[in-house]
Amino acid sequence: GIGKKLVMATLDMYKNAAEKLLPTPLKVHYAFNLRDFAKVVFAMLMVGKAQCDGAARHIRLWCHEIFRVFGDRLVDDVDRK
């Protein structure tokens, strides 16, 4: 179902961030770990049963969480793209 797809997409995002956004002396906050992966998954699990009204809402929430956990660390336009 959608849950497995979102977890796999989160794993892909985590792997890409850890591989391509390496920490440097100016970007020490680019040290990604499994806690970042878990933050996204746990946030998705916080959705109550009454709020589960379709895949579109889950995808929107997933996008929000990915930007919150990974995107908020990006400090320049090159990394944001």
Quiz item: Can Ile2 and Ile59 be said to form a side chain to side chain contact (heavy atoms under 4.5 Å, CB included), step by step?
Solution: CA-CA 9 Å; Ile2 185 109; Ile59 294 169; 4.0 Å; yes
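- Every side-chain contact (heavy atoms from CB on, under 4.5 Å) that Arg57 has, sequence neighbours left out, goes to Gln51, Asp53.
- Under a hydrophobic-cluster definition in which Ile, Leu, Val, Met, Phe, Trp and Tyr are linked whenever side-chain heavy atoms come within less than 4.5 Å, directly or via other members, Leu11 and Val7 are assigned to the same cluster.
- Listed by chain and residue number, Asp76, Asp79 satisfy the side-chain hydrogen bond (donor to acceptor under 3.5 Å, both in side chains) test with Lys27 (two or more places apart in sequence, or in another chain).
- In terms of hydrophobic clustering, with Ile, Leu, Val, Met, Phe, Trp and Tyr side chains grouped at heavy-atom distances under 4.5 Å, Leu22 and Val28 are assigned to different clusters.
- Considering only residues two or more places apart in sequence or on other chains, Asp12 meets the salt bridge (Lys or Arg N to Asp or Glu O under 4.0 Å) condition with none of them.
- Linking Ile, Leu, Val, Met, Phe, Trp and Tyr residues whenever their side-chain heavy atoms come within less than 4.5 Å places Met44 and Met8 in a single cluster.
- Legend: side-chain hydrogen bond (donor to acceptor under 3.5 Å, both in side chains) pairs involving residues 66-75, not counting sequence neighbours, sorted by first then second residue: Asp36-Arg73, Glu65-Arg68.
- Side-chain heavy atoms closer than 4.5 Å link hydrophobic residues (I, L, V, M, F, W, Y) into clusters, and following such links, possibly through other members, connects Leu45 to Val69.
- Linking Ile, Leu, Val, Met, Phe, Trp and Tyr whenever their side-chain heavy atoms come within less than 4.5 Å leaves Phe67 and Leu61 in two separate clusters.
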Quiz prompt | Intermediate values then yes/no, side chain to side chain contact (heavy atoms under 4.5 Å, CB included), His29 and Val75 | solution = CA-CA 10 Å; His29 54 282; Val75 293; 3.2 Å; yes
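- A ring pair (Phe, Tyr, Trp, His ring centres under 6.0 Å) check over residues 37-66, counting only residues at least two apart or in different chains, returns nothing.
- Counting only residues at least two apart or in different chains, side-chain hydrogen bond (donor to acceptor under 3.5 Å, both in side chains) contacts with residues 13-26 are absent.
- The two atoms that bring Phe70 and Ala17 nearest to each other are CD2-CB, 4.0 Å, heavy atoms only.
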